[in-house]
**Q** 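So that we are looking at the same thing, I have put the structure below in structure tokens.
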Number of protein chains: 2
Amino acid sequence: MVAGWSRVEPMAARPDTMTRSADNPSAGTARRTAPRRGEARKALMQAALELVSTEANFSAISLRRIARQAGVVPTAFYRHFEDLDALGLTLVEETFRELRRLLQDADLSALPLKGLTRHSVELFAHHVRDNRLLFQFVVKERFSGTAPMRAAIHDEIRVLTHALAAIFARFDEFSHIAETDLRMLSDLVVNTVIALSERILEVAANHPEDTALMLRAEKQLRLIFMGVGQWESRPEDRDETDRSPADG
Amino acid sequence: MVAGWSRVEPMAARPDTMTRSADNPSAGTARRTAPRRGEARKALMQAALELVSTEANFSAISLRRIARQAGVVPTAFYRHFEDLDALGLTLVEETFRELRRLLQDADLSALPLKGLTRHSVELFAHHVRDNRLLFQFVVKERFSGTAPMRAAIHDEIRVLTHALAAIFARFDEFSHIAETDLRMLSDLVVNTVIALSERILEVAANHPEDTALMLRAEKQLRLIFMGVGQWESRPEDRDETDRSPADG
DNA sequence: ATTCTTTGTGAACAAGTGTTGACTTAATGG
DNA sequence: CCATTAAGTCAACACTTGTTCACAAAGAAT
């Protein structure tokens, strides 16, 4: 939120030369007067997230609106990002960096399979809620973003899916499942978790409905794992549906 | 496909004022071809679909671009739609009208449960491929569209999910499953099928990879149904996660 | 034959857009 | 302490945008 550099002044702002004039409520009281390095960059990212959360999606908001929301002149944008796409890619990156950090800290493979489902669902759901804006951004851009952004998101999800398959492989309960089927399984699980987070994001923040959603997702995962017990992998099974899809 | 006028050609012209002038041959000869009633409306819808398929998403393309692509002057748009949102909602409606027609004609509940999975997946996948542009539109707008569009799409999906639960309820194999769990189940199935169609749309049209994707989805559904056999519904289970989520 | 309604056209508008270049200022490194 | 560079500012450009208005043609209705 870049507080208050640029001597305020009346400034008689006509174009967007104004940074925090009457219609820009982001001013408040100037706390941090000095133009701290890299502050504006963060402010731009945050502004983009806020606008995407409010408006429809990323390609619907302009560079100038982002700058305005960040309390920064439009040209300042170019000091930190080459173009809007670069900003978007940075946000995607940050989202999955945070997510990977969470999963790494939680060390799921140390748990018994029994409690893994419930624990993972709760962990993930809370993380989504705590990083609402970031995940909202990614969910919206996953299919509607520009080609590079879509590719980036899908790559990240694919990596996560593989990692999950690797975790599954460590459990005895999955020893009878072929590698191909493990990917099929983790893909199903990831899809279910994504659907959960999409729903959490649709609902008002901290809404009590969240827990109902989590319960349902947990049930779905339990149902899936029940099927795993009876699953028989056929040796001839083989799929190649695993490469990056839309790198056109 | 809108035969006559779509696609405006190279168009080095500057304003969008020209529609069928000297370089547009559809003027003098055909008296009947040009002003046919309702043609322009269809042309606008088709143009929107084509542009959304090419570009990132709906809110990224302008009214003027749609009109240009449809071979129509911008003001003509207002003769057929109140604004862009109205166009979008019409497209969503058409998508699900087509889909409902397909599912109705196929009469899934007449089949034995055995072949239902494979048959349904194939039916659905082919339908998605045959209506690529429509489904691409809906997939993109499901989360990134304006609030009314998102609401419309979610409502339609919710209706389909309920219908599927109703179909399940007719099979003996599901007689031990509580109603709540039937919805939980059909939700899982619908999510899986949506994920399938999203992937089909990412891949180049008629790509051979499609069949691999279908195979994987079919496996996932089979796995789910295996779990159903062992599932025990607990009577106290009850969820309210079923109402329309984001009508804010 | 007349009206009325629908559909399409062209000009104009105020507003917003991305991007440029030339400056100013602050911080950093030697 | 000075030179260099990173960060921010301002004015201006050439466009594109949504929407309006008045007008023309043509079908349908009377």
Side-chain angles (χ1 to χ4, degrees), chain A residues 2-21 23-24 32-44 47-48 51 55 58-88 146, chain B residues 4-5 8 11-22 24 26-28 30-44 48 51 55 58-88 146:
Chain A
V2 164
W5 58 37
S6 80
R7 64 265 136 101
V8 174
E9 296 282 337
M11 197 184 243
R14 286 209 303 289
D16 32 28
T17 71
M18 68 90 188
T19 39
R20 59 191 82 269
S21 49
D23 48 346
N24 191 346
R32 198 167 271 319
T33 16
R36 280 253 293 270
R37 280 185 86 128
E39 285 281 277
R41 187 184 154 97
K42 271 191 193 168
L44 286 167
L51 286 176
E55 316 276 321
F58 191 50
S59 62
I61 65 182
S62 63
L63 184 149
R64 285 175 114 103
R65 298 234 294 140
I66 294 176
R68 215 179 305 150
Q69 171 90 4
V72 151
V73 99
T75 51
F77 182 94
Y78 295 103
R79 300 293 180 201
H80 302 280
F81 300 99
E82 203 176 59
D83 51 16
L84 283 174
D85 240 51
L87 209 196
T146 60
Chain B
W5 52 40
V8 182
M11 144 146 321
R14 288 190 317 277
D16 30 28
T17 66
M18 79 92 184
T19 36
R20 57 190 86 268
S21 45
N24 194 336
S26 69
R31 211 181 292 258
R32 273 252 167 263
T33 15
R36 275 249 295 272
R37 278 187 85 140
E39 286 282 276
R41 189 183 152 96
K42 273 191 191 168
L44 286 168
L51 285 176
E55 315 277 322
F58 191 50
S59 62
I61 65 182
S62 64
L63 185 151
R64 287 176 112 103
R65 298 234 295 139
I66 293 176
R68 216 179 304 150
Q69 171 91 3
V72 153
V73 97
T75 51
F77 182 94
Y78 295 102
R79 302 292 179 200
H80 303 280
F81 300 99
E82 202 176 61
D83 52 15
L84 283 174
D85 241 51
L87 207 196
T146 60

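In what follows, chains carry the letters A, B, and so on, assigned in the order in which the sequence lines appear, proteins first and then strands, with residues in each chain numbered from 1. Only a predicted model underlies this, so the values are computations on that prediction, with no experimental measurement involved.
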**Q** Let me know the distance between CG of A:Leu63 and C1' of D:dG8, rounded to the nearest Å.
**A**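 The answer, rounded to whole Å, is 15 Å.
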**Q** To the side chain of B:Tyr78, which of D:dA22, D:dG8, D:dT20 is closest?
**A**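 Nearest listed nucleotide: D:dT20.
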**Q** Can you tell me the distance, in whole Å, between the CD atom of B:Gln69 and the P atom of D:dT17?
**A**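 Checked: the CD to P distance equals 13 Å.
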**Q** Quickly work out the B:His80 NE2 to C:dT9 P distance and round it to whole Å.
**A**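 Roughly 9 Å, once rounded to whole Å.
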**Q** Quick one: pull up NE2 in B:His80 and NZ in B:Lys42 and give me the separation to the nearest 0.5 Å.
**A**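 One finds 12.5 Å between NE2 of B:His80 and NZ of B:Lys42.
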**Q** Send over the distance from A:Leu84 CG to C:dG16 P, rounded to a whole Å.
**A**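 Roughly 18 Å, once rounded to whole Å.
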**Q** For B:Arg65 and C:dT17, give me the distance from atom CZ to atom P, rounded to whole Å.
**A**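 It is 17 Å, rounded to the nearest whole Å.
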**Q** If you measure from CG on A:Leu51 to CZ on A:Arg68, what distance do you get to the nearest 0.5 Å?
**A**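 It is 9.5 Å, given to the nearest 0.5 Å.
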**Q** For A:Asp85, what residues pass the side-chain hydrogen bond (donor to acceptor under 3.5 Å, both in side chains) criterion, not counting sequence neighbours?
**A**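 With sequence neighbours excluded, A:Asp85 shows a side-chain hydrogen bond (donor to acceptor under 3.5 Å, both in side chains) to A:Thr146, given in chain and number order.
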**Q** From C:dG18, C:dT9, D:dG18, pick the nucleotide closest to the side chain of B:Arg79?
**A**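 Ranking C:dG18, C:dT9, D:dG18 by closest atom to the B:Arg79 side chain puts C:dT9 first.
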**Q** To the nearest Å, how far apart are A:Phe81 CZ and D:dA6 C1'?
**A**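 Result: 15 Å.
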**Q** Is there a side-chain contact between A:Arg41 and A:Phe81, using heavy atoms and a 4.5 Å cut-off?
**A** yes
**Q** Just checking A:Thr75: base, sugar-phosphate only, or nothing, at a heavy-atom cut-off of under 4.0 Å?
**A** base
**Q** OP1 or OP2 of C:dT17 versus the side-chain N and O atoms of A:Ser62: is any pair under 4.0 Å?
**A**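 For C:dT17, OP1 or OP2 has a side-chain N or O of A:Ser62 closer than 4.0 Å.
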**Q** Distance check needed: D:dT9 P versus A:Phe77 CZ, whole Å only.
**A**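 Atom-to-atom, A:Phe77 to D:dT9, this comes out as 15 Å.
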**Q** Between A:Arg68 and C:dT17, is there a contact of a side-chain N or O with OP1 or OP2 at under 4.0 Å?
**A** yes
**Q** State which of C:dA12, C:dG10, D:dG8 makes the closest approach to the side chain of B:Arg64.
**A** C:dA12
**Q** Looking at every heavy atom in both A:Leu63 and A:Leu84, which two are closest together, and how far apart are they?
**A**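 Where A:Leu63 meets A:Leu84 most closely, the heavy atoms are N-CD1, 3.9 Å.
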**Q** Rounded to the nearest Å, what distance is computed from the CD atom of residue B:Glu39 to the C1' atom of nucleotide C:dG8?
**A** 14 Å
